[in-house]
**Student:** 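Structure incoming, see below.
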Amino acid sequence: MNQAERACQELQAMDELAAKSSLIHRIGAGSKLLVTILYIVTVVSFSKYDIFGLFVMVLYPVIGYQFALIPVRTCFYKLRVVMPLVCAVGLLNPFFDKQIILTIGGVGVSGGVISMLTLMMKGVFCLMASFLLIATTSIESICAVLRRIHCPKILTSLLLLTFRYVSVLLEEVSVMTQAYHLRAPGQKGIHISAWGSFLGQLLLRSMDRATALYESMELRGFHGEFYYAAGEKGARYSWLYALGWAALFALARLVNLPALLGTLFA
Amino acid sequence: MLQFEHVSFSYRDAPVLQDVSFFVDAGERVGLIGANGAGKSTLMKTALGLLTCDGTITVDGVVVQPKNLPTVRQALGYVLQDSDNQLFMPTVLEDMIFGPINYGVPRAQAEERADAVLQQLGISHLKHRHNHSLSGGEKRLAAIATILTMEPKAMLMDEPSTALDPKNRRRLIHTLNAMHVTKLIASHDLDLVLETCDRVILLSHGQVVADGKAKEILRDKALLEANDLELPFCLTEPPK
Amino acid sequence: MYGIRIPHKKEGFFMHMADALLAPGVAATMYVVSAAVATVSIVKLRKEEKLQKQPISKRLPVMAVMAALVFAGQMINYTIPGTGSSGHLCGGMMLSALLGPFAGFLSMIVVLAIQCLFFADGGLMALGANIWNMAFYGCFVGYFLIYRPIMHSRLGGTSKGGARVRIIVSSIVGCVLTLQLGAFSVVLETSLSGISDLPFGAFVGLMQPIHLAIGLVEGLITGAVLLFVYEARPELVREANAEKGKYSLKTTVVILAVVAAIIGGGLSLLASGNPDGLEWALFGNEDAGYNANMGLDEENYGKSSGAADAAASIQEKTAFLPDYAFSGDEENPAGTTVSGLVGALMVAVVAGAVCTVGGIYRKKKAK
């Protein structure tokens, strides 16, 4: 399977998830976007040594995935993209920061190791939260929210139109790649002699497509204005949901909950 | 309904259409046939005002020229060869109401129209589907639906049966036969033309070579072969 | 060099900032600057619209399809001859050569937004930074500083062959420079966020050479594609048949030299604050007191440069919840360790229970 094909399937999988119906799916896109941003900001703002405090934050995605009826493992495949840079940066921390700040059972743990772990946790948590958002919210509703906060129309229209054609072009690239490899066995990628023509051919064809596309818009009376649906209205409990999580995030950020729990029971 | 008078068009000095004249009456079902490059798509584009040509084209009594384009385009629905180019909105419903809203139809009314069309085509289940998730056959029907929602007086279709499997092709033929608007169908699929059209116009090198009853022209083996076409499958005699 | 193989399979691997690498303050700043550039682009497009009497909406389909093309084009593996690895396309330079810098920038924003939303390349919070690092440099610096001056120059002669030379040269120089700037920004943003303990100089030393190679390959790909398009439909490549001598190549060279001098000078200043940062860091950084400030790099390095000092103070002011050195842990680490561990364990148990209950519930529902 080539990369383009895999991307197509990923998009399809996302579509299937977003088409489900659950408590989380029914919440307004605005509330979900807000909660996601608050979550990410909170997670990222934890100190790099506050590993226990940060750990509480795992509860939001875990609970969210369960209510959204989304298997947690589906998002881990996506980690491969962002994690390399995060890991590359994180893995070096133990070399530079060797001061022992924790001792567990007599074994000292250096600040670098802790900060490496928190960094990786942050990476995973943020990704899980973004995935939860997009797996339960359609891109149209997100664009509708963006328009409500006065994001320029040209950007949201462009986003929706591009998203529509991403799958079309991915399919073309996928088929072209297959056709190439069928006639070039044993080659891992596109040979240098075809660098220009491979994408160039598709580019020319896409230019023609853009012309046809514009014609088809013009024929249906298009004069510069898209009327996208306003997006579905969220359930009544949407803002309550946002408020509730916001309060919990604030609590988790300001109070070291695990430490508190620990002192209560230990 | 649709009148071509001495229409000529050249692309970079190469003549594509040469002195084409014909008249299509309201309610007629006309097939436009011809080999690749005979000028079928160009002919349709000139009628829609996408290409400017010499000669006069009249649509429903209105001459095709820049200031009349909105009226002309409202009267003519054009179904593109590649449905992906036709379906540019996120969902089927939004695509269907795109045209009517642009022509000033209130949203609620446009949605009613869309519902009726979806029912007529038997694809109500596609209403809220994303365009990118449709199969090839569904895309073609959705594309036709987006045009029908505009309630055109005549429909122009460019190769409507390309890339359809036999079942979807059969369904398309039924759909076309059930639509009671004036139709101009450009196609190589002569069997489809035979089943959906009463009249056929044969184009060759930009000129009208024959214009007459579908059953007569499509049976004329010599005429078809002289213009790089072949008899429709269903009319070829089984090999002895 | 640390026994880590640097994966350069996917171009942009190291360019896509993740949320985790940014402090909220830095991320917000990057959002603001990127939004400002986007606003300028929209305003400029509107002006062009009035000038050419051609509505933006007419350009929307081309912008969308080209953005989708860049997105899909990034999924193509280009084998680099003589090596086992492959190069990839980033797209900023290509888009601005085809659509112009302003439309190209908006298209790139959309590409990055879709990547971040649906494919987890980068994060929601890091989007602003990613737009700056990849779209801004590629579209604006690449176009105005490299592409346009070179295309208007007499480089390669005035024949058709000359245009080919100009396309290739501007693509390569443009991609290399914009990727260098992008990589440098990644380092700068990460360091300002106080995420990495890696000294600034060492980080730069790690990132810049990798992106030199990536930029070179991307430049070649971009050049090859543009050349192909130019041969088939020359009118699609902007400025390809431009009037010669309108912009002087000398100006570009001078500007580039000044930029290089500033960056080089800045880097050497930073480096001189810590001669041979890497070795120093690896062997005996504790003696140097590096750890005393818990890794806020710019505090340590900033001593030798006023700019870094200023940046550090900006960072302090803009940080969303500015308490990086969590005092509780630092002063009495052992005290919180036990209770912290117990608490974390309990959180893990709760999370596990939620998952199990959810799983059972779903299975029941499925039946």
Side-chain angles (χ1 to χ4, degrees), chain A residues 3-4 7 40-41 44-45 47 49-50 52 55-56 58 62-63 66 78 81-82 84-86 89 92-93 96-97 99 101-102 119 122-123 126-127 130 134 152 158-159 161-162 165-166 169-170 173 188-190 192 195-197 199-200 204 206 209-210 213-214 224 258-259 261-263 266, chain C residues 7 13-14 18-20 24 42 55-57 61-65 67-69 71-73 75 77-79 81 86 110 114 117-118 120-121 123-125 196-198 221 224-225 227-229 232 281 291 295 320-321 324 326 329 333-334 336-340 342-344 346-347 351 354 358:
Chain A
Q3 263 193 69
I40 292 174
V41 169
V44 173
S45 72
S47 138
Y49 298 119
D50 191 5
F52 298 129
F55 190 65
V56 184
V58 78
V62 163
I63 293 172
Q66 296 310 318
K78 303 207 174 252
V81 191
V82 277
L85 181 58
V86 174
V89 171
L92 296 173
N93 279 0
F96 291 96
D97 181 357
Q99 194 190 3
I101 61 166
L102 265 186
L119 186 62
K122 283 178 183 178
C126 291
L127 184 100
S130 308
I134 200 69
L158 188 61
L159 183 62
L161 208 55
T162 305
Y165 283 95
V166 158
L169 283 171
L170 276 178
V173 165
K188 257 172 69 195
I190 307 299
I192 191 162
W195 278 13
S197 55
L199 193 61
L204 292 181
S206 305
R209 182 186 285 287
L213 173 62
Y214 182 67
L261 271 175
T263 31
Chain C
F13 245 179
F14 282 86
D19 288 339
I42 293 175
I56 300 181
S57 56
V62 184
M63 286 162 70
V65 173
L69 176 92
F71 186 96
M75 305 287 164
N77 277 313
Y78 296 91
T79 329
S86 54
V110 167
I114 291 178
L117 282 172
F118 288 89
D121 289 12
L124 269 185
M125 203 180 80
S196 170
D197 291 329
L198 192 58
I221 299 171
V225 174
L227 206 60
F228 181 86
V229 174
N291 265 326
F320 188 67
L321 291 163
Y324 275 94
F326 208 65
D329 279 356
T336 49
T337 308
V338 180
S339 54
V342 173
M346 288 170 67
V347 171
V354 170

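Chain letters run A, B, ... following the sequence lines, proteins first and then strands; every chain starts at 1.
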**Student:** Between A:V173, A:L158, A:I192, which has the largest tally of heavy atom pairs under 4.5 Å with chain C?
**Tutor:** A:L158

**Student:** Can you give me the closest heavy-atom contact between C:P61 and A:L213, atom names plus distance?
**Tutor:** CB-CD2, 3.7 Å

**Student:** Do you know which of C:I221, C:L227, C:V65 has the most heavy-atom pairs under 4.5 Å to chain A?
**Tutor:** C:V65

**Student:** What part of A:V166 gets within 4.5 angstrom of chain C, counting heavy atoms only: side chain, backbone, both, or neither?
**Tutor:** both

**Student:** Please name the pair of heavy atoms, one in A:V44 and one in C:P24, separated by the smallest distance, quoted to 0.1 Å.
**Tutor:** CG1-CD, 3.8 Å

**Student:** Quick one: what part of A:V58 sits under 4.5 Å from any heavy atom of chain C, side chain, backbone, both or neither?
**Tutor:** side chain

**Student:** Of all the heavy-atom pairs spanning A:T162 and C:A67, show the shortest one and how long it is.
**Tutor:** CG2-CB, 3.6 Å

**Student:** Could you walk me through whether C:I114 and A:L159 pass side-chain contact (heavy atoms from CB on, under 4.5 Å), step by step?
**Tutor:** CA-CA 8 Å; C:I114 291 178; A:L159 183 62; 3.6 Å; yes

**Student:** If you count heavy-atom pairs within less than 4.5 Å of chain C, which of A:L204, A:L169, A:L161, A:N93 leads?
**Tutor:** A:N93

**Student:** Taking the side chain as every heavy atom from C-beta outward, state whether C:D19 and A:L127 have any atom pair closer than 4.5 Å.
**Tutor:** no

**Student:** Check whether any side-chain heavy atom of C:Y78 lies under 4.5 Å from a side-chain heavy atom of A:L199, and answer yes or no.
**Tutor:** yes

**Student:** Which one, C:A64, C:A20, C:A232, leads in non-hydrogen pairs under 4.5 Å with chain A?
**Tutor:** C:A64

**Student:** Would you mind telling me which of A:G196, A:P152, A:A4, A:G189 has the largest number of heavy-atom pairs within less than 4.5 Å of chain C?
**Tutor:** A:G196

**Student:** Quick one: are A:Y165 and C:L69 in side-chain contact, heavy atoms under 4.5 Å?
**Tutor:** no

**Student:** Quick check: do C:F118 and A:I134 have side-chain heavy atoms less than 4.5 Å from each other?
**Tutor:** yes

**Student:** Determine whether C:M75 and A:L170 make a side-chain contact, defined as any pair of heavy atoms from C-beta on separated by less than 4.5 Å.
**Tutor:** yes

**Student:** Minimum heavy-atom separation for A:V62 and C:A351, please, with both atom names.
**Tutor:** CG1-O, 3.6 Å

**Student:** Please answer whether the main-chain N or O of A:I190 pairs with a side-chain N or O of C:T79 as donor and acceptor at a distance below 3.5 Å.
**Tutor:** yes

**Student:** Indicate the atoms forming the closest heavy-atom contact of C:L124 with A:S130, along with that distance.
**Tutor:** CG-OG, 4.2 Å

**Student:** With rounding to the nearest 0.5 Å, note down the distance linking CE in C:M125 to CD1 in A:I40.
**Tutor:** 7.0 Å

**Student:** Relative to chain A, which segment of C:I42 carries a heavy atom at a distance below 4.5 Å: side chain, backbone, both, or neither?
**Tutor:** side chain

